[in-house]
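Here the structure is a predicted model, which means the values were calculated and not measured. Per chain, numbering begins at 1; letters A, B, ... match sequence-line order.
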Amino acid sequence: METTLLLNTSMLLTLMIILTPILLPLLSKSFKNSPALITKTVKTAFLTSLAPMTIFMHSNAESIISHWEWKFIMNFKIPISLKMDQYSMMFFPIALFVTWSILQFATWYMASEPYVTKFFSYLLMFLIAMLTLTIANNMFLLFIGWEGVGIMSFLLIGWWQGRAEANTAALQAVLYNRIGDIGLILSMAWLASTTNTWEIQQTFSTTQTPTLPLLGLILAATGKSAQFGLHPWLPAAMEGPTPVSALLHSSTMVVAGIFLLIRTHPMLTNNQTALTTCLCLGALSTLFAATCALTQNDIKKIIAFSTSSQLGLMMVTIGLNLPQLAFLHISTHAFFKAMLFLCSGSIIHNLNGEQDIRKMGGLQKMLPTTTSCLTIGNLALMGTPFLAGFYSKDLIIENLNISYLNTWALTLTLLATSFTATYTLRMTLMVQTGFTRMTALTPVNENNKTITNPITRLALGSITAGLLITSYIPPTKTPPMTMPTLTKTAAIIVTILGILLALELSNTTHTLTQPKQNTIMNFSSTLGYFNPLTHRLSSTNLLYSGQKLASHLIDLSWYKKMGPEGLADLQTMASKTSTTLHTGLIKTYLSSFALSILIIILST
Amino acid sequence: SEMSKDLMPGPYPRTPEERAAAAKKYNMRVEDYEPYPDDGFGYGDYPMLPNKSAHERDPWYQWDQPDVRRNWGEPMHWDFDMYIRNRVDTSPTPVPWHTMRKHFLVFLSTMLIMFALGEFYPSYRPVGPKQYPFNDLYLEKGGDPNKEPPVVTHYEI
C-alpha cells in the first residue's frame, strides 16, 4: 500500500514542480523568472520523476488517480483522472531529461534573444501540456493537452514573428493539426454517445469497435504526427528556433498522435481494417519522408524528414498491433533525435547562421565533440547493433518480416530503412568530412559547457537507453522467438546496402558530372509536388470563393436584389407596363362608371 | 476625416474621358488601366490588376511597406488579402503545373494500386496445415466410431 502512495505522491510532486515557474510570478510581485531557474526546475522535476519509474520497474505498480469531477450532466461525469501506467511513468523521466538538456542548450543558443524568459516560459507551458496529455486517463484531459501542445507549437514556430515565412509555417502547423482534430472530436463524440464515458478504461470491450471512430483516431494521429496527407507542416516547422525543433518536432509533440493510438490500442486490436490502414499509411509516410530527405540541402530539413520517417515507422508498429514496441521506439527516438537537433543547432550557430550543408564540410576537426555526438546519433538512427535505436528498430523490422501483412507495406518499410542509412550518411559526409566549404574567418568554437554538456548527456542516453529500457520492462506480447538467419539480419543488410548506395552516390558526385535536374530528383527535392499542388489550389479556391460568396453573393444578391433594389426594380417594371395602358381620358372613365352604376340600378 | 467623393471608386467608365479620369484617380497609366467587365457584380471602375502575389515581388528592393512589398500610392489588388505573403503564392514553380500534377497522381495511384495488390497477396512465414498425433482427430472430425480409423503418418523418412 505504501508503494502506490509513494507513486502517486511523487508523480504529483513532479507535476507541481513543473507548474511552479508558471504560477509563482502570478502570486508574488517580487518573483522574477529566469532561464537558469526554469532549467533547474526541469532538472529537479526529472530527478523527482525517476522515483515513480523506479517503483514501477521494481514492483510493477500502476495506479489511477481521480480528482475533482466536473458533473457535466446527470449521466455523464468528467473526472480529472490521471493514469500512472507503464507508458506515462516511462515517458515522464525521458521527456524531462530531454527537456532539461534542451533548456540548458537553449540558454546558450537563445542568449542574444530579447525576450528569452518568455521563450523559456513558452517551452515550459508546452511541456506541461505534453505531460498532461501523457498522464491523462480520459479523453477530455487528453484533448486539453492535445490542443495545448498545438497552440504552443504555433506560438513557438512563429517565435520570430517579424519573419513572414515563420508566420506561414506556424499557420500551416495549426491548420493541419486542426484537420486532425476533426478526427479526434469525431471519435470523442462517438465515445460519449455510445459508451457514455470518456474514461479510457471504460471504452474497451471484447466486441468489435466500429471502424468510423477508429478512423477518426487515425486521422487525429495523421494530423499530429505528420503522416502522409497531413505532413507538410513538419518540414515547414523548421522555421522555428532549433530548441523548439528539438523539443517539439522531434521528441514530444509529434509523438502525441502515436501516443493516442497507443492509449486506445485495445479499441484497435480487433478491427483489422483500422490496423491495415495504420500499416499502409505508416509505410507510405516512412518511404515518402525518406525519399524527400535524400535530396534536401538544409540540415534541419534532413533531420525533420528523418523524424517524419521514424513517425511513419511508429505508425507501422501500431498497425502490427505492437503498441509497447511503438512506445519503445518513441522513447529511444527522443534521445537521439533531440541530440541530432542540438548538434545541428551548435553547428548552425557556430557557422553564424549557415544551414546549408553544401556550405559546410570538414567540421570533424573544428567541432570534435559536436560531430562525434552527431555521428553517434546518426548511428543510433540507422539502427547500429546495441545502440539505442537498435533495440526498437530491429525488433520492429523482425516483427514486420514474420507477420501476416501487406507485402507492399513490408517492401516500403525495408526500402525506407535503407534510405535512412543513405541520407544519414550523406549528411555526415557533407557536414563532417571532406574539405571545408565555409567562408573563411568563421569563429568556430565549442568550448562552452552549456553546449557540450547537454549533447554528451543525450549521447550517453542514445547509447544506453535502449538497453536499459528493454532490460527492465518486460514485453507484454510474446516476441518472435525463431526465424531464419536472413530474416534476423534483414535490417542490418538493408542498412548496409543503404550505406553502400550513399558511398557510391558521393563518389559519382565527385567524379562524374550529373545533369542539373532529372525527373526523380525534382520529385524528391520538391517533396513530391504535394506542397504547391495542395496549398495553392485549396487556398486560392477557398479564399476566392469566400470573397465571391461573402461580398458578391450575399451582400449583392441577398441583401440588395432580394431586398430593396429588387423590389424597386419590380415596381418600376410594373409601373412602366401599366403606364403604357394609361390614356388619361378622365371624362370617359367617369362616364363609364356612371353608366355601369345606372345599368346595375336599373337591372335590380 | 474620410476621403473626398472624387477619390472613392465610382461606376463603370464608359467613355474614354471617364477611363482617363479613373486611371488618374487610381494613380495608374491610361495604357495599364483595365477595369473589371461590367457584368453586374459590382466592381465599378476598380482596376483589374494581374493576379500576382506578394511573393513574386523583389524581396531586396526598399519598399515603403516592406512586409506587404508595396509602395505608397500603388493601386491595391481587389483580392489583396489573398495575395499577401502568408497566403496564396503564385510565384512560378521550377516544374510546370501539369507535370507536377501528373507526376504526383502517378505516384499516388501507383502506391494505392500496389497496396491493394499487397492485400490480395500478403506476405507471411511458410505455414502448413495443423497436424494432430495418433489418428488425426478421427472421432472429432466426424468419423464412424465403429470403423477402424485409418493410420495417419505425417512424415516420410
Which of B/Trp97, B/Tyr124, B/Tyr43, B/Tyr121 touches chain A most, by non-hydrogen pairs under 4.5 Å:
B/Trp97

Greatest number of non-hydrogen atom pairs under 4.5 angstrom with chain B, of A/Leu284, A/Asn522, A/Leu410, falls to A/Leu284

CZ of B/Arg101 to OH of A/Tyr529, rounded to nearest 0.5 Å, is 13.5 Å

Among B/Arg87, B/Met114, B/Arg85, B/Glu119, the residue with the most heavy-atom pairs under 4.5 Å to chain A is B/Met114

Select one option (side chain, backbone, both, neither) describing which atoms of B/Leu108 are under 4.5 Å from chain A's heavy atoms.
side chain

Testing A/Leu542, A/Leu537, A/Asn541, A/Leu543 one by one against B/Val88 for a side chain to side chain contact (heavy atoms under 4.5 Å, CB included), which residue passes?
A/Leu543

Portion of A/Thr540 that has a non-hydrogen atom of chain B nearer than 4.5 angstrom:
both

Under 30°, 30 to 60°, or over 60°: which ring-plane class applies to B/Phe107 and A/Phe288, parallel, tilted or perpendicular?
tilted

Which atoms of B/Phe120 come close to chain A, meaning under 4.5 Å heavy atom to heavy atom: side chain ones, backbone ones, both, or neither?
neither

A/Leu171 versus chain B, heavy atoms under 4.5 Å apart: side chain, backbone, both or neither?
side chain

Is it the backbone or the side chain of B/Thr90 that comes under 4.5 Å from a heavy atom of chain A, or both, or neither?
backbone

State, to 0.1 Å, how close B/Gly118 and A/Asn406 come at their nearest heavy-atom pair, and which atoms those are.
CA-OD1, 2.9 Å

So for A/Leu287, is it side chain, backbone, both, or neither that comes closer than 4.5 Å to the heavy atoms of chain B?
side chain

Within-4.5 Å side-chain heavy-atom neighbours: B/Arg125 and A/Thr487
yes

Just how far is it from atom NE2 of B/His103 to atom OG1 of A/Thr526, taken to the nearest 0.5 Å?
10.5 Å

Take B/Asp79 and A/Tyr544 through the side-chain contact (heavy atoms from CB on, under 4.5 Å) test and state the conclusion after the steps.
CA-CA 8 Å; B/Asp79 296 314; A/Tyr544 197 64; 3.5 Å; yes

Please name the pair of heavy atoms, one in B/Pro122 and one in A/Tyr404, separated by the smallest distance, quoted to 0.1 Å.
CG-OH, 3.4 Å

Check this for me: A/Leu549, atom CG, are more than 12 non-hydrogen atoms of other residues, nucleotides or ligands nearer than 6.0 Å?
yes

Evaluate the side-chain contact (heavy atoms from CB on, under 4.5 Å) criterion for residues A/Leu412 and B/Met111: first the C-alpha distance (whole Å), next the side-chain angles of each, then the deciding distance (0.1 Å), finally the verdict.
CA-CA 10 Å; A/Leu412 289 186; B/Met111 285 292 156; 3.9 Å; yes

OG1/A/Thr407 to CZ/B/Phe115 distance, rounded to the nearest 0.5 angstrom?
11.0 Å

Measure distances from B/Asn86 to the heavy atoms of chain A and classify the residue's part below 4.5 Å as side chain, backbone, both or neither.
both

Chain B heavy atoms under 4.5 Å from A/Thr276: which part of the residue, side chain, backbone, both or neither?
side chain

Is there a side-chain contact between A/Arg536 and B/Ser91, using heavy atoms and a 4.5 Å cut-off?
yes

So, the part of A/Phe523 with a heavy atom under 4.5 Å from chain B: the answer is side chain

Got a second to check how far B/His55's NE2 is from A/Glu165's CD, nearest 0.5 Å?
7.0 Å

Looking at B/Gln62, I want to see if its CD is surrounded by more than 12 non-hydrogen atoms of other residues, nucleotides or ligands under 6.0 Å.
no

Tell me, yes or no, whether the heavy-atom count around B/Lys52 atom NZ, taken from other residues, nucleotides or ligands under 6.0 Å, exceeds 12.
no

Flag if over 12 foreign heavy atoms under 6.0 Å of NZ, B/Lys102
no

Around atom CD of B/Glu56, are there more than 12 heavy atoms from other residues, nucleotides or ligands closer than 6.0 Å?
yes

